[in-house]
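Down below is the structure, laid out as structure tokens.
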Amino acid sequence: MATQHQFFDIEIPEGIDAATREVLADEIIDFIRDRTQSGKSWKNRALPGYSDAYAKSLDFKIAGKSRGDVNLTLSGDMLGAMTLLENEDGRLRIGFEEGSEENAKADGNIRGTYGHDKPVGPKRDFLGITKRDLSHILENFTEIDALAGRLANRATSGGDDNG
Amino acid sequence: MAKVTVRGAREMAEHIQAALEQVARPENMRKYAEMASEMVRLRTRLGSGVDTDGANKARLKPLADSTVKERERLKARGELSGDTSPRRSNLTRSGELLDSIQPTQISQGSAKIGPDGIRSDGLSNQKVAEYVTAQGRAFNNLSSVELKRIHDAVKRDIRDIIKRLLTTTK
């Protein structure tokens with residue numbers, strides 16, 4: 001089976017302007033990265049441990065990894081590449097650029113395929129967010145968060161604030 | 001007629017300017033440069049290079065058979081770095097080249113990273129880097145994803161500074 005494009009859609013309240021939705025997406029992506037690096041799946045369950053073969057590999061040693069710290073981080077590029085793919089009123093799509101190496105890595109982790117056609121290992125599904133976690137982010141997302149985020153995006157993008 | 005003031009807009013502009021100046025300070029630029037240095041070191045050790053800033057990373061060219069044999073001899077003598085193997089193409093023999101990657105020039109709003117210093121074999125790491133690059137194994141650049149990661153870190157810092165400014169001036 002070919003690599004699948006990995007993304008997920010989030011329903012958010014309608015009526016939020018596009019620039020603020022972008023800031024909200026950044027907060028959600030940061031949350032997913034932090035949660036994954038703490039060893040949890042999108043359902044907040046512990047990610048399955050690493051195989052013996054992987055733990056003995058040179059890559060594992062080079063990256064300074066430890067068996068007790070399952071964080072889906074080798075170079076850091078996979079989690080770093082997670083991005084806002086679509087930004088619409090009431091809906092955000094978060095995931096990986098289709099066809100990218102990082103999408104392939106994410107797909108391998110999520111489906112347990114790890115570069116093969118069929119699952120060869122445990123699934124480590126990190127891409128998503130529970131309703132409870134999303135509600136917590138939305139409830140704590142203040143006007144100051146939105147404004148600071150919009151200003152930061154504007155300062156670093158060189159584009160217009162379309163909010 | 002309603003009176004319109006631009007005081008709010010001016011304050012916002014001042015917040016952005018203050019945040020940018022703070023983020024661009026040399027001590028922050030050093031932090032981003034060290035992030036970038038670690039990315040280059042780790043990514044190269046894992047076996048990938050980057051041709052130019054913003055390009056995708058790609059596996060480094062495989063080693064010639066003669067080089068592999070030489071590296072096998074080095075390993076047998078205990079002279080091959082533990083961060084490599086005889087067949088792995090990752091610009092690592094003693095480890096000195098990649099260990100030397102560090103911030104080399106830091107100033108307000110600007111930072112450069114690169115190999116530095118003289119190796120145990122008497123060569124400069126800069127010259128060795130130039131040699132391997134000329135041989136088709138460019139590595140001292142940041143990939144598109146690595147640039148995104150640094151950009152995201154800068155953006156986060158700016159956002160946090162602005163949040164602090166907005167909160168304390170309310």
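Lettering follows sequence order; numbering is per chain, from 1.
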Review point. Should we count CZ of B/Arg87 as having more than 12 external heavy atoms under 6.0 Å?
Key: no
Point to revise | Pairwise distance OG(B/Ser143) to CD(A/Glu102) - rounded to 0.5 angstrom | key: 7.5 Å
Practice item. Indicate the atoms forming the closest heavy-atom contact of B/Lys155 with A/Ala152, along with that distance. Key: O-CB, 3.7 Å
Review point. What are the two closest heavy atoms between A/Arg33 and B/Asp152, and how far apart are they?
Key: NH2-OD2, 3.9 Å
**Study point:** B/Lys148 side chain vs A/Gly80 backbone, donor-acceptor pair below 3.5 Å
**Key:** yes
Study note, to complete from the structure: In short, B/Leu20 meets A/Ala155 closest at the heavy-atom pair CD2-CB, 3.9 Å
Practice item. Please report the shortest heavy-atom distance between B/Ser85 and A/Leu58, naming the atom on each side. Key: N-CD2, 3.9 Å
Check your understanding: Any residues in residues 106-126 of chain B near chain A, with a heavy-atom distance under 4.5 Å, and which are they?
Key -> none
Review point. Where on A/Ile29 is there a heavy atom nearer than 4.5 Å to chain B: the side chain, the backbone, both, or neither?
Key: neither
Check your understanding: Are there more than 12 heavy atoms of other residues, nucleotides or ligands under 6.0 Å from atom NZ of A/Lys123?
Key -> no
Review point. If two hydrophobic side chains count as joined below 4.5 Å and joins carry through other members, does A/Leu79 share a cluster with A/Tyr50?
Key: yes
Review point. At their closest point, which heavy atom of A/Leu151 faces which heavy atom of B/Ile162, and how far apart are they?
Key: CB-CD1, 3.6 Å
Review point. Would A/Ile129 end up clustered with A/Leu72 when hydrophobic side chains under 4.5 Å apart are linked, directly or stepwise?
Key: yes
Study note, to complete from the structure: Rounded to the nearest 0.5 Å, the CG atom of B/Asp160 sits from the CG atom of A/Asp145 at a distance of 9.5 Å
Review point. Any idea which of A/Gly76, A/Gly149, A/Ser100 has the most non-hydrogen atom pairs under 4.5 angstrom with chain B?
Key: A/Gly76
Exercise for review: Identify whether the distance between the nearest side-chain nitrogen and carboxylate oxygen of B/Arg156 and A/Asp30 falls below 4.0 Å.
Suggested key: yes
Check your understanding: Got a sec: does the CZ of A/Arg45 have more than 12 other heavy atoms crowding it under 6.0 Å?
Key -> no
Point to revise | hydrophobic_cluster_shared for A/Phe96 and A/Leu47, side chain cutoff 4.5 Å | key: yes
Study note, to complete from the structure: Note: vs chain A, highest number of non-hydrogen pairs under 4.5 angstrom among B/Ile161, B/Thr84, B/Thr92 is B/Thr84
Check your understanding: What is the distance from atom CG of A/Leu74 to atom CG of B/Leu46, rounded to the nearest 0.5 Å?
Key -> 5.0 Å
**Study point:** Best-contacting candidate, B/Asp83, B/Val23, B/Asn56, against chain A by heavy atom pairs under 4.5 angstrom
**Key:** B/Asp83
Point to revise | Heavy-atom proximity to chain A below 4.5 Å, by part of B/Asn90 | key: side chain
Review point. Do the side chains of B/Val50 and B/Tyr131 join up, straight or via other hydrophobic residues, at under 4.5 Å, putting them in one cluster?
Key: no
Point to revise | Nearest-0.5 Å distance that lies between atom CZ in B/Arg41 and atom OG in A/Ser75 | key: 14.5 Å
Practice item. Considering non-hydrogen atoms only, spot the tightest contact between A/Ile62 and B/Arg45 and give its length. Key: CD1-O, 3.3 Å
**Study point:** Co-membership, hydrophobic cluster, residues B/Leu60 and B/Val128, 4.5 Å side-chain
**Key:** yes
Point to revise | Enclosure of A/Glu143 CD (heavy-atom neighbours >12, cutoff 6.0 Å) | key: no
Point to revise | Between CD on residue A/Glu97 and OG on residue B/Ser144, distance to nearest 0.5 Å | key: 9.5 Å
Review point. Is it the case that more than 12 heavy atoms not belonging to B/Arg137 sit under 6.0 Å from its CZ atom?
Key: yes
Exercise for review: Step through the shown structure and confirm whether more than 12 heavy atoms of other residues, nucleotides or ligands are within 6.0 Å of NE2 on A/His136.
Suggested key: no
Point to revise | Contacts of A/Asp77 that satisfy side chain to side chain donor-acceptor pair (under 3.5 Å) - sequence neighbours left out | key: B/Lys57, B/Arg149
Practice item. Kindly indicate whether the side chain of A/Thr156, heavy atoms from C-beta on, has any atom under 4.5 Å from the side chain of B/Arg159. Key: no
Exercise for review: Identify which part of A/Met82 has an atom lying under 4.5 Å from any heavy atom of chain B, answering side chain, backbone, both or neither.
Suggested key: backbone
